[in-house]
Trainee: 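Quick one: structure below, then a few questions.
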Amino acid sequence: MKQQATPILTSLLDTDAYKLHMQQAVFHRYRNTTVVAEFRCRSEDLLGEYADEIRQQISLMRDLALTEDEYQYLTSLPFFQQDYLDWLKTFRFNPAQVQVSNEKGRLKVRITGLWYETILWEVPLLAVISETIHRHRTPDIGTEQAISHLKQKLTRFRQDYADVDLSQFRISDFGTRRRYSKSVQQDIVSLLQQEFSPYMAGTSNYDLARRLNLSPIGTQAHEWFQAFQQISPVLANSQRAALQGWLDEYPDLLGIALTDCITMDAFLRDFGIQFASQYEGLRHDSGDPFEWGEKAIAHYQNLGIDPLTKMLVFSDNLDLDKALALYKRFHTRVKLVFGIGTRLTCDIPDVSPLNIVIKLIQCNGKPVAKLSDSPGKTICQDKAFVKALHKAFNLPLVKRGN
């Protein structure tokens, strides 16, 4: 008799905050929208041998449900409306929406269904894939090695930056999707809360935020802007429609806009005085962060907005040293938060983190794309649509990765 697998995930809230924030907006406004999302591994392809085990974990996710304590916690936050939370209590993952296969050694994952339901698959599924693979590849490594390594990094940090004014330095854990394991993420975040508390702004993980009494951090992801490429009647207006759609749901909250779905330059052309005034700030997720920060500050200045009233969130491949370099460049000019992910929750000697993502490829049966400011991060299967996107946003046609 086949032994029942132990579930990796034990809480519906073991996900990034932006998934619930986006889900509420989709629940209220785009309930009939359908999407397709696919898995990509940028670091390697031969993960297919783990397909059966990952499929087992997906099957177990059908049992996840919001507990009463979790429900009460969410009701205490200013972000959520009662109708959405009452529906979320009834929500269950539907494993039939996820197809997993091993195709010539490559792991293939495809998610299909109504957007407001399938939106919750991405983060916990990536966490499951990451933990499953690390369990097999480095079974003797765990929280002890992760904590020891982090303590060494914090000691060096304090020594190297003892003469730097860190009064405005703030980091957040953004490491759920590519963590070594659930237990490693929890212990890493707990240690940072205890020993790095002046600089710990919060976590993107709602389960950890609730249990550790930390601020949940996150607004929207690329999929919000991608979906509007088909929701908006005019492609060239899709970014402005996405920005306005977010404000319609959250007029006074969660006001950090992600800038790189199409490119920073294209974003700034759409981010005029009205949006720049209403949004609290911007998030960087691809391309040169120093160049991006200079562009953001110059844009605010050109609009007559004091950058010191706005926030820049850096979240692309950061570690403590890179965050400090950015802090030293910008901290007297703008408010800052640094979202550190893989370099916190999967930074262990002799462990190779997985560079894995799940991104939308279709909305309402039609293609969508993420171009980003890093060519290797581009995701789209339809070359004609990529050309249409370049034309709509007046972008030069350059060769981009897939």
Side-chain angles (χ1 to χ4, degrees), residues 8-9 13-19 42-43 122-124 126-131 133-135 137-138 141-161 166 169-218 221 283-286 289 313-327 336-357:
I8 290 174
L9 301 171
L13 294 190
D14 190 2
T15 191
D16 281 342
Y18 66 23
K19 301 306 292 192
R42 297 172 180 150
S43 52
E122 176 199 354
V123 173
L126 287 172
V128 160
I129 291 170
S130 185
E131 181 160 350
I133 291 167
H134 287 308
R135 278 180 176 180
R137 292 186 172 177
T138 51
I141 289 178
T143 57
E144 183 179 339
Q145 292 88 342
I147 291 298
S148 174
H149 189 58
L150 177 59
K151 286 182 176 180
Q152 292 172 24
K153 288 194 296 182
L154 295 183
T155 298
R156 185 173 57 81
F157 177 89
R158 294 187 182 98
Q159 293 170 348
D160 291 351
Y161 302 106
L166 297 176
F169 184 66
R170 297 292 181 272
I171 68 166
S172 176
D173 156 50
F174 277 18
T176 302
R177 295 179 303 155
R178 300 169 191 157
R179 66 194 182 192
Y180 182 84
S181 67
K182 176 182 176 180
S183 60
V184 163
Q185 184 184 21
Q186 174 168 311
D187 287 1
I188 290 288
V189 174
S190 296
L191 180 68
L192 289 170
Q193 184 183 29
Q194 295 160 17
E195 299 192 14
F196 209 58
S197 56
Y199 314 119
M200 187 64 173
T203 176
S204 64
N205 185 294
Y206 252 124
D207 180 48
L208 290 177
R210 181 185 77 87
R211 290 190 291 106
L212 300 178
N213 194 28
L214 287 165
S215 296
I217 294 179
R283 179 162 77 89
H284 170 266
D285 199 50
S286 66
V313 179
F314 291 86
S315 62
D316 179 35
N317 195 29
L318 292 187
D319 57 20
L320 285 172
D321 290 333
K322 192 172 180 181
L324 248 297
L326 290 162
Y327 174 80
L336 296 166
V337 168
F338 301 97
I340 306 181
T342 310
R343 302 300 181 88
L344 277 181
T345 60
C346 197
D347 187 15
I348 307 171
D350 301 319
V351 172
S352 298
L354 297 172
N355 191 351
I356 52 177
V357 296

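Any value given below was found using the heavy atoms of this structure, including those in side chains, with hydrogens, waters and symmetry copies removed. Numbers for residues simply follow the sequence, beginning at 1. Quantities reported herein were computed from a predicted structural model and do not represent experimental measurements.
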Trainee: Between the side chain of Q145 and the main-chain N/O of P349, is any donor-acceptor distance below 3.5 Å?
Mentor: no

Trainee: Is there a side-chain contact between V351 and H149 in this structure, where contact means two heavy atoms from C-beta onward sitting under 4.5 Å apart?
Mentor: no

Trainee: Before giving the answer on side chain to side chain contact (heavy atoms under 4.5 Å, CB included), spell out for N205 and T15 the whole-Å C-alpha distance, their side-chain angles and the decisive distance to 0.1 Å.
Mentor: CA-CA 5 Å; N205 185 294; T15 191; over 6 Å; no

Trainee: Quick one: closest heavy-atom pair of P353 and C346, and the distance?
Mentor: CG-O, 3.4 Å

Trainee: How about L212 and T203: do any of their side-chain heavy atoms sit closer than 4.5 Å?
Mentor: no

Trainee: Within this structure, what is the CG-CD distance for the pair L354 and E131, rounded to the nearest 0.5 Å?
Mentor: 12.0 Å

Trainee: For Y180, run the side chain to side chain contact (heavy atoms under 4.5 Å, CB included) check against T345, T138, T143, T342 and tell me which one passes.
Mentor: T138

Trainee: Start with the C-alpha distance between T176 and D14, add both sets of side-chain angles, then the distance that settles side chain to side chain contact (heavy atoms under 4.5 Å, CB included), and finish with yes or no.
Mentor: CA-CA 8 Å; T176 302; D14 190 2; 4.2 Å; yes

Trainee: Can you name the closest pair of heavy atoms from D173 and L344 and give their distance?
Mentor: CA-CD1, 4.3 Å

Trainee: Passes side-chain hydrogen bond (donor to acceptor under 3.5 Å, both in side chains), D316 versus S286? Steps please.
Mentor: CA-CA 6 Å; D316 179 35; S286 66; 5.9 Å; no

Trainee: Does H134 reach the side chain of S181, with side-chain heavy atoms less than 4.5 Å apart?
Mentor: no

Trainee: Specify the closest pair of heavy atoms between R135 and I8, including all atoms of both residues, with the distance to one decimal.
Mentor: NH2-CG1, 3.7 Å

Trainee: Can you find a heavy atom in the side chain of L192 that is under 4.5 Å from one in the side chain of L150?
Mentor: yes

Trainee: Should R178 and L126 count as side-chain neighbours, where that means a heavy-atom distance under 4.5 Å?
Mentor: no

Trainee: Answer yes or no: are there more than 12 heavy-atom neighbours, outside E195 itself, under 6.0 Å from its atom CD?
Mentor: yes

Trainee: Restricting to non-hydrogen atoms, name the atom on L336 and the atom on R170 that form the minimum distance, rounded to 0.1 Å.
Mentor: O-CB, 4.2 Å

Trainee: Distance from N213 atom CG to R211 atom CZ, nearest 0.5 Å?
Mentor: 12.5 Å

Trainee: Evaluate the side-chain proximity of F196 to I171: yes if any heavy-atom separation is below 4.5 Å, no if none is.
Mentor: yes

Trainee: Might you point out which heavy atoms bring S172 and I217 nearest each other, and give the distance in Å?
Mentor: OG-CD1, 3.5 Å

Trainee: Nearest 0.5 Å, what's the CD1-CG distance between I340 and D347?
Mentor: 10.0 Å

Trainee: Does the D16 side chain pair with the main chain of Y18, one donor and one acceptor, at a distance under 3.5 Å?
Mentor: no

Trainee: So, for R177 and S130, which heavy atoms are closest and what is the spacing to 0.1 Å?
Mentor: O-CB, 4.2 Å

Trainee: Determine, for D319 against K153, whether the closest basic-nitrogen to carboxylate-oxygen distance falls under 4.0 angstrom.
Mentor: no

Trainee: So do the side chains of L324 and L166 get within less than 4.5 Å of each other, counting heavy atoms only?
Mentor: yes

Trainee: Measure the CD1-CD1 distance between I141 and I348 for me, rounded to the nearest 0.5 Å.
Mentor: 6.5 Å

Trainee: Treating Q193 as the side-chain partner and L214 as the backbone partner, does any N or O pair qualify as donor plus acceptor under 3.5 Å?
Mentor: no

Trainee: Does the distance from a Lys or Arg side-chain N to an Asp or Glu carboxylate O, for E122 and K19, drop under 4.0 Å?
Mentor: yes

Trainee: Between the side chains of R156 and D160, is the shortest nitrogen-to-carboxylate-oxygen separation below 4.0 Å, so that they form an ion pair?
Mentor: yes

Trainee: In this structure, is the centre-to-centre distance between the rings of F338 and F169 below 6.0 Å?
Mentor: yes

Trainee: Contact between K322 and R343 at the side-chain level, heavy atoms closer than 4.5 Å - yes or no?
Mentor: no

